[in-house]
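Some notes on the structure that comes next.
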There are 2 protein chains.
Amino acid sequence: MGKAGRNPTISDVAELAGVSVPTVSRVLTGAVKVSPAKRALVEAAIAELNYRPSAAARVLVSRKSRTIAVIAGNTSRYGYAETIRGIEIAARAEGYTVMIAVVESADDEEVDRAVSAVQTQTLAGIVVLKFDPPGAAALRKLGADVPRVALSGTRETGVPQAVLDEAAAAEELTEYLLGLGHRTVHHVRVPPSRRVDGRTSGWRRALRKADAPVPPVHDATWEPLSGVPIGRALAADPEVTAVFCGNDEIAMGVMRGIVEAGRRVPEDISVAGFDDHPLAELWSPPLTTVAQDFAALGTRGFQLLLESMNDEGAGRYSSERPKIVYRASTAAPGR
Amino acid sequence: MGKAGRNPTISDVAELAGVSVPTVSRVLTGAVKVSPAKRALVEAAIAELNYRPSAAARVLVSRKSRTIAVIAGNTSRYGYAETIRGIEIAARAEGYTVMIAVVESADDEEVDRAVSAVQTQTLAGIVVLKFDPPGAAALRKLGADVPRVALSGTRETGVPQAVLDEAAAAEELTEYLLGLGHRTVHHVRVPPSRRVDGRTSGWRRALRKADAPVPPVHDATWEPLSGVPIGRALAADPEVTAVFCGNDEIAMGVMRGIVEAGRRVPEDISVAGFDDHPLAELWSPPLTTVAQDFAALGTRGFQLLLESMNDEGAGRYSSERPKIVYRASTAAPGR
DNA sequence: CTGAAAGCGCTAACAG
DNA sequence: CTGTTAGCGCTTTCAG
């Protein structure tokens, strides 16, 4: 019998069931056939002792793990949280456990800390949220010894990757605005993930293709409130009739600034966002935006990871085109 | 030298440094003194091989882990995501890694699955988000063998717990509304965590204390849009002048319904929410609400866990009183 | 201060 | 089908 206070081990189970330790292991893993009689004995013993195999011991000897890590710059912001949720759901469905490693900044020290924390664990795979510079830096430092998948960001070579084609969506949205009759579209950017930001480059491409002037970009922070002064500034310029914002929260801040400055949305100025935040539909006026299915992105990411664990489809690239959601915050320019 | 393709092990390091394996272990753990000369040798070897100790092997022999698990009914909804963020930040600061276990429902099977997944890991401790029935069910099934902490929910005995005193805050907010001159306050509830929901009971307590009529409760889902029809219904009743909603997102939906029905906020009807969602301040009109510091709750939770790992303060209870944020969505009743 | 020996809980050969 | 024998990578005695 196991000593009191200690968790039961596989030998406690073996002893109680009257079989050898490997036999218990065999019913646990199910890999090798065991006679029904002994199997029943073992299962009874497991139930009686409320035995749970130790993942640590298992991993040590089998070198196989049922844990994946998610490396992310953040866990609670809308896109991040939803993506992680998608990964977790897919992982759970396949019996995997998820571990989180947050990389606050792209500082060498911080990235090393996070990468070390991850490399210490024996993992089945790693999903990197390449939404921002910290994520990209972490991916770069990761060895190729463990299956990895990158989510979003610039295209990787040699690493399977799933992305949302933000540039295409931003281009389409900007074209829509121009098609409404706006002479040009102004842009408020969220902190860019990298040198080239898909949302910004899609916007610029659309303007160039239409030979529309490319106004200077306004930079917001992740704080919704940071959009307010930008909105006020934009409203002060009578030339401004359409604004495309890097995300919905900033768009809401910008709209607030515009309204505070005494102009109307969309009569005087059209405003569009990005993400289709849960509150975008509820906003007044409801926000025209781009629906990004982050949870599906996470799920695709885990799928890619699974494939890459089985050596299939290494280097696969999966791109999805987000859909524009037309609502009331955009309209033809007034007079 | 280590075989190619394999991660380097502690004996590869020992060999390269020309010392014994336990000596390497001693510089790794720092528990026992090692001569500066050997220490330098070992550190050089570690750096050269880019060696990372295996957490699995460590845990197996030392029975000590630097990983904690968070059990939660959800990971991406505002309060949940922020709480997890707070836990993760505190854990990371102390060198702990966070593992996530999601419990979708309170079904026995689902709860057992999550609890098993957690018990398989060798953990330093577990933080349970007792925000909802699944969380509460999971806490109940967890053995006392690993340090645990409960966050929110009804008071536990024997388990350290950190909570936000929602009932007190809801009562204060309701009293404020009554103090403004409203005859009573209507209530829209979010899916309740348990039989007694703090927000609802605080509201009811305030009405009783003031001898105000207690109108029937309206039930919303977690979907912000579910508030819209409720808002419309409320607006149709001329008796309604003040509404207290279970969270900000629902409050936004309710306000939308009220406005659609042709009544104004706050001139005709005051609306208050709960949580101080990042967009509450930006809403028109800005929402009166209760600021819940979920990240701080998470941090306090991890602190409690640390104490309980060191056998200090087992059974501690930490309650924080959220602060009311007065904004423009509430006012004295019009005539 | 340092090395030798033992063993954590489990699975992977290998006989039988 | 089943038991015996090894040993995963590390920390922990225990001698020196």
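Atom set for the values below is all heavy atoms of this structure, side chains included, hydrogens, waters and symmetry mates excluded. Proteins come first, then strands; the chains are lettered A, B, ... in the order of their sequence lines, and each starts at number 1.
The distance from atom OH of B/Tyr51 to atom C1' of D/dG9 is 7 Å, rounded to the nearest whole Å. Put simply, CZ on A/Arg39 is 13 Å from C1' on D/dT2, counting in whole angstrom units. Atom CD in B/Gln121 sits roughly 21 Å away from atom P in C/dC8 (whole-Å rounding). One atom, CZ of B/Arg63, and another, P of C/dA6, lie 19 Å apart when rounded to the nearest Å. For the pair B/Asn7 CG and D/dC8 C1', the computed distance is 13 Å after rounding to whole Å. Between the CD1 atom of B/Ile10 and the P atom of D/dG7 there is a distance of 19 Å, rounded to whole Å. In this structure, B/Leu41 places its CG atom 15 Å from C1' of C/dC1, rounding to the nearest Å. Atom CZ in B/Arg58 sits about 18 Å away from atom C1' in C/dG9, given to the nearest Å.
For A/Lys38, the side-chain atoms get nearest to D/dT2 when compared with the rest of C/dG9, C/dC8, D/dT2. Here the side chain of A/Ser25 is nearest to one of D/dT11, C/dT11, C/dG3, namely C/dT11. Closest to the side chain of A/Lys64, out of D/dC10, D/dG3, C/dA12, is C/dA12. The A/Ser62 side chain lies nearest to C/dA12 when the options are C/dG3, D/dG9, C/dA12.
Look at A/Ser20 and you'll find a side-chain N or O under 4.0 angstrom from OP1 or OP2 of D/dG3. In terms of phosphate contacts, A/Thr29 brings no side-chain nitrogen or oxygen within less than 4.0 Å of OP1 or OP2 of C/dT11.
Residue B/Val32 is the one, among A/Pro22 and B/Val32, whose nearest nucleotide of DNA chain C lies closer to the 5' end (criterion: closest heavy atom). Each of B/Ala31 and B/Ala57 was assigned the nucleotide of DNA chain D with the nearest heavy atom; the assignment lying further toward the 5' end belongs to B/Ala57.
At a cut-off of 3.5 angstrom, the base of C/dG3 holds at least one donor-acceptor pair with the side chain of B/Arg26.
Among the protein residues, A/Val24 comes within range of no part of the nucleic acid, since none of its heavy atoms lies under 4.0 Å from any strand. Using a 4.0 Å heavy-atom cutoff across all strands shown, B/Ser35 reaches sugar-phosphate atoms only and no base atom. Base engagement by B/Val21 is indicated by at least one non-hydrogen atom pair under 4.0 Å involving a base atom.
The aromatic rings of A/Phe294 and A/Phe131 sit tilted relative to each other, their planes meeting at an angle between 30° and 60°.
Using a 4.5 Å heavy-atom threshold, the side chains of B/Ile89 and A/Val102 count as separate.
Between the side chain of A/Arg85 and the backbone N or O of B/Asn74 there is no donor-acceptor pair closer than 3.5 Å. Listed for the B/Gln161 side chain is a donor-acceptor partner under 3.5 Å among the backbone atoms of B/Thr154. Counting only distance, with no hydrogens or angles, the side chain of B/Arg52 and the backbone of A/Ala117 share no donor-acceptor pair below 3.5 Å.
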